[in-house]
Structures are given as C-alpha cells and as structure tokens.
Amino acid sequence: MEYSAIYHDAVKKYAFARGKDAVCIRIRVKKDDMEKIVLHYQDKYIPLEFEDTRQAAEMEKTACDGRCDYYEAVVQASVICLRYTFELTDTAGETCFYGNHEFSDAPIADIDRMFDFPQNLREEERFDVPAWAKNKVVYQIFPSRFAASEKVEEAAWYQAPIGARENLHGDLKGISDRLAHLHELGVDVLYLTPVFAANTMHKYDTVDYYRIDPAFGTESDLRRLVRKAHALGMKVVLDGVFNHTSPDFFAFRDVRQKEEKSAYKDWYYIEDFPLRHEKRQKPNFKSFAYFGGMPKLNLQNPETKAYIINVGRYWIRRCDIDGWRLDVGDEISHRFWKSFRSAIREVKPDALLVGEIWHCAEDFLEGDEWDSVMNYPFYFSVLDFVAKESITASRFYENLGYLRGNYHPDVYPLLWNLIDSHDTARFLHLCGEKKEKLKLAAALQLLLPGMPFIYYGDEYGMTGGPDPDCRRGMLWDEKYQDMDLYAWYRALIRIRKTHPCITQGRTCRVLTDDAAGLLVLEKSYEGEKLAIGFQAKERETTLAAYAGMENLIDGTAFSGTVRGYAAFVLRLP
C-alpha cells in the first residue's frame, strides 16, 4: 500500500453536500493500488450507548488521472455533524484505517480521531449552479465578423487571411437575423465577445462599459437580440472584460491628465508619474500582458470594485442577459469574485458565471465564485489526441479523469469544452485541414459531459491561423459551406439531446486500444445502455462484439469495423 499517495482533507473539495441530507466524501489514492475502500461514518454528538449511529458504505472509483484513482461515496445523513474514517484494503490484501490525517492498523473508535463534516454548514455552502446550463451547447460569436445587417462586399467579407483591424461591419442586428440558423443547429447558449464601446475590432479594451459600441448598434439592439433568443429557448452570455480597460476609459484618461491629483489614481496600479508605455518596454503601471494599451484595474479599491459590480448588474437588469464570461478571470482576486457572484445572484439567481482560465481552476470553483470555466485542459487534450496524435487514448481519458477527480461533480456538466476559440488557431488549421479530424474533435465535444463550445463557423468548416486570422468572416455563402460537416454537427447535437445517457449516464466500462487510438465508453442511464466510441488514428479496428448494433448517429447497423478518425454511438441490448 502506497501510504504517501493517500490523500483526503475535510474541505469542500473532498467533503461536500450534494443536496439536503446527501453527503459526498472523496478520497485520492495511488492508481490501481486499492481493492476496496469503505467509508465508516457516525453522528458526532449521539453517544453509542444511547444509539448506535455507525454505518458503512463501500466507495466507488469515479476517476483515474493516470497516477491516482479517485473514490467517492454519497451517503444519506441528517445530523448536526458527521464524523467519518476510511478503511482501505489494497490489492495485496493489506488493510489500514485512516482518520483525521492519521493511519491506524485497527478500526478507529475515538470520535476525535475521525474527520469532521459539519452538515448544516456544508449544505448552506452547497455549490448552486444554474440548472438550465448543465450539458447545454454553447456557441461563440465574434460580433464584428459573424453577421452584418447591411450588405458587405464578398471580397471583403471572405478575405483570408485577415488582419486585426479589418472592419467587416458585423453587428447585433446581423446576429438577430441569423438566430434561426443557430436554433436549427441546436445551440442553447450564445456567448458574445465584448460588445461595449472600444477602439479596436476585438473590443477587449473597453472605453465605456455602459454603452454598446456604435459599430454593433444600440442597447435596444442588444435587448431585441436577447428577447428573440429567449423566445427560441436560447440564453445569452456577454463577455465581461473587468481586468483592464482602454487608456481612453474615463478613469485612466483622468489619471493621465492630472497624475497625482487624479481622484482615480487608485483605480489602477501606478508605479510613478509620468505614465510611460512605449513599444517593447514594460509600462510603469500594471497592464494586461505588459501591453500599455490595456491598463489593469485595481479591483481591491472599493470605488473600482463597486463600479464594475454595478456594470455586471446593470446589463442583467436592462437587457435580461443570462450571465457573464469573465475575461482574464484568474488575474483578479478571489475576494472580488466572491462579492461579484453575490451581487449578480441578487439580481438574477440563476445567472451563469464562467471564468477564462487556461489551466485547472479548483480554487475558483468552490461554489462561491464561478460556476464554470473555459475548459482549456480539454482543448489541449483534444489537440494532442486528435490533431497531433501525440498522446494515447488512455492518456486522453486520464486527462479527463483528472478534471473529474478534482472538480466538484456539479461543475463537470458545466465545463465549456472547446476545441478552438478567438484566442487560438482554428482546429481545422491545427489538424492540417483534415476535416475527418475536425469531425472527430467535434464528436469528442458533443458526446462527452460538459457544455460543448462551438466557435462560430466550425460547423461549416471554417479555418484560419492564430489570432487574428482565426476571426474571419462567417461562412454564409453556400459555396463556402461544407454541408456534410454541418449535417454531422446537427446529428451529434440531436442525439446528445435525445439520449441523456450520453451526458448523464454512468460509465460502466472503459475500453482502450492505444495502438489504434481507440476509446470506447459503455454507459447506462435509466434503462438505456450505449457504447460511445472514438478512434484517433488513420486505420481500421475490428470490434466484432458490437457488430449489428444500431449506430444512433446515422441509424445504420454497425459493421463491426471502425474506420480511421471515426466516432460512433451504439445502442446496446
């Protein structure tokens, strides 16, 4: 038994409420080290001589990250405080007991040598994610390049490659006019990159948080877009760029003009005066990525904090938006995000808050800050598994296992699973323009739990290099559209929505063939059993045991052979 790999702490990540009187306990151990783990628990305050409250539950292995296994048990309890220990039996038959960070050869009977779970506290701190968001399909729109309400010449709209400053005149009315396409595709959530007044095409340098950029339209246009989207059953999430502003934002402009005498000097992180931000030199004030054109806000300053929180509330009240994607969220303090969440939830209790962060974000996802994140670990895993073919199927699934083992179970169905975005090259570009690889990557997005994140135009086969070339004009002309790819996206979204086993099912069996790049998940949910498979190499693999079963993607009988870069969903008997 590898004692050094056994880890549990009685904090929210490892001991949390799943509902009223439902207690979830998690423990991490070395991969393949344990034969069985049993959770022993009892009431802290009721003496055994008065009532024997001791109970036991065998824990279930829920995830593996390649180095560690994660076990969980959900038990029913209605107490003031629960005390618990673990009984661990390894594959060699050795048994030990673990409680309050100490190991014992004998069962732990001393109540003070056990871990502690204050049930009321944990239920009050329960992670309350928006129920409407779980496993829904997200569609990212870059407004200036998605759709224009006025005619734009074809040569201008479809220019490739494209630079950062080309104005294609996309606007909010254009998005409203194209909602039927998104509804037909099966989109549930629209995520718009910034729409507020700014000096660039990308709008990540906000000049005025209370004004829609005139290039995109007006507040009335945004209100109309949200209203039309809601009528079609879709939600709208806006981009909140609260880490930094434009130098032309009123507060920074005042600092430039008045320097030490400015009432807003504490809105930013100023080292000294006069302000300096020359090319290829670090400015003498904090800014996004040392770029002087995006000075960083000091959200620890009470006035700045209040201003930004009011912005977040304002657009929910005025236009009924459904949440915020929070730009550069990991460079803003936990203290601010806790306040922001509370203030937003007062206005709209089921508003969705999604942080931008390019790594794992457990510390932001404990129930009092964000609901989810842009799942860049998923992006890198798909990139390596499909585009580069540099990791095995086992490694890919273990990467997902790390997230499953370390995130709260209620977060996992809300992760924004992307394969590209406005900040990356298009996936089609990254996989050498091989559309069969894009189809496989889309299948991984759409046939796994989480919120599949479709970057506009991927469904038609849009390509493009790194920013800004990944932000080309949307493919609206049929001669540029790949309709076979579009049909693939529609089919995957359709079966995702009609077969909840795909996203909510319990994984009963995992099959991997690393030589073939093959991953198969057998899942079960409410009487339905499915086999969901992905092959990330250009070869054929025989799966005779599945021959003749219905492939839900196209309705045909499975031949028993998986072709290269293929995906399938089979109905099991």
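No experiment lies behind these values; they were computed from the predicted model shown.
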Can you run down the salt bridge (Lys or Arg N to Asp or Glu O under 4.0 Å) pairs that involve residues 546-560, sequence neighbours left out, and say none if there aren't any?
E550-R571
Test: salt bridge (Lys or Arg N to Asp or Glu O under 4.0 Å). Region: residues 538-548. Which pairs qualify, not counting sequence neighbours?
none
What's the verdict on side-chain hydrogen bond (donor to acceptor under 3.5 Å, both in side chains) for T512 and S394, showing C-alpha distance, side-chain angles and the deciding distance?
CA-CA 6 Å; T512 56; S394 297; 3.3 Å; yes
Stepwise side chain to side chain contact (heavy atoms under 4.5 Å, CB included) check, M1 with M34
CA-CA 8 Å; M1 184 178 297; M34 297 298 165; 3.7 Å; yes
Parallel, tilted or perpendicular, judged at 30° and 60°: which one describes the rings of H408 and F127?
perpendicular
Taking the six-membered ring for Trp, are Y98 and H101 parallel (under 30°), tilted (30 to 60°) or perpendicular (over 60°)?
perpendicular
Strictly distance-based, threshold 3.5 Å: is any side-chain N or O of [X] a donor or acceptor partner for the main-chain N or O of [Y]?
X: R145; Y: R471; result: yes
X: Q445; Y: N417; result: yes
X: D65; Y: C68; result: yes
X: R509; Y: L521; result: no
X: D69; Y: V29; result: no
X: T424; Y: D420; result: no

Which atom of [X] lies closest to which atom of [Y], heavy atoms considered:
X: P468; Y: G163; value: CG-C, 3.6 Å
X: Q535; Y: A516; value: CG-O, 3.2 Å
X: P573; Y: K529; value: O-CD, 3.8 Å
X: D371; Y: D128; value: OD1-O, 3.9 Å

Given the rule in the side-chain hydrogen bond (donor to acceptor under 3.5 Å, both in side chains) test, do E87 and T89 qualify, once you have shown the distances and angles that lead to the verdict?
CA-CA 7 Å; E87 177 185 354; T89 302; 4.6 Å; no
Pick out which of R341, R335, K338 makes a salt bridge (charged side-chain N to carboxylate O under 4.0 Å, His left out) with E369.
K338
Atom OH of residue position Y290 - does it have more than 12 heavy atoms of other residues, nucleotides or ligands inside 6.0 Å?
no
Are there over 12 heavy-atom neighbours, none belonging to R563, within less than 6.0 Å of that residue's CZ?
no
So, [X] and [Y]: side-chain donor and acceptor under 3.5 Å apart, yes or no?
X: T463; Y: E433; result: yes
X: H422; Y: Y456; result: no
X: T193; Y: D239; result: no

side-chain hydrogen bond (donor to acceptor under 3.5 Å, both in side chains) between E478 and W476, intermediate numbers included:
CA-CA 6 Å; E478 290 184 2; W476 291 121; over 6 Å; no
Centre of Y460's six-membered ring, under 6.0 Å away, within 45 degrees of the axis: is that where NZ or CZ of R490 sits?
no
Test: R126 cationic atom under 6.0 Å from F16 six-membered ring centre, within 45° of axis
no
Between K435 and D482, is the salt bridge (Lys or Arg N to Asp or Glu O under 4.0 Å) condition met? List the steps.
CA-CA 10 Å; K435 289 187 178 178; D482 185 320; 2.8 Å; yes
E436 and K439: salt bridge (Lys or Arg N to Asp or Glu O under 4.0 Å), yes or no, with the steps?
CA-CA 5 Å; E436 65 272 24; K439 291 175 72 172; over 6 Å; no
Does a side-chain N-to-carboxylate-O contact under 4.0 Å join E362 and K13?
yes
Is the [X] to [Y] ring centre distance short of 6.0 Å?
X: H359; Y: Y376; value: no
X: F453; Y: Y379; value: no
X: F427; Y: Y455; value: no
X: Y139; Y: Y191; value: no
X: H8; Y: F86; value: yes
X: F242; Y: W324; value: yes

May I have all residue pairs that pass ring-ring contact (aromatic ring centres under 6.0 Å, His included) and include part of residues 544-573, sequence neighbours excluded?
F558-F568
Indicate yes or no: at least one non-hydrogen side-chain atom of F146 is less than 4.5 angstrom from one of R178.
yes
Pair E459, Y486 - check side-chain hydrogen bond (donor to acceptor under 3.5 Å, both in side chains), show working.
CA-CA 5 Å; E459 73 273 24; Y486 177 71; over 6 Å; no
Show, in sequence, the C-alpha distance, side-chain angles and deciding distance for R472 and E166, and conclude whether the salt bridge (Lys or Arg N to Asp or Glu O under 4.0 Å) test is met.
CA-CA 10 Å; R472 298 180 186 179; E166 281 76 6; over 6 Å; no
Would you sort out whether D188 and K497 count as a salt bridge (Lys or Arg N to Asp or Glu O under 4.0 Å), showing the intermediate values?
CA-CA 11 Å; D188 301 301; K497 292 187 174 185; 2.8 Å; yes
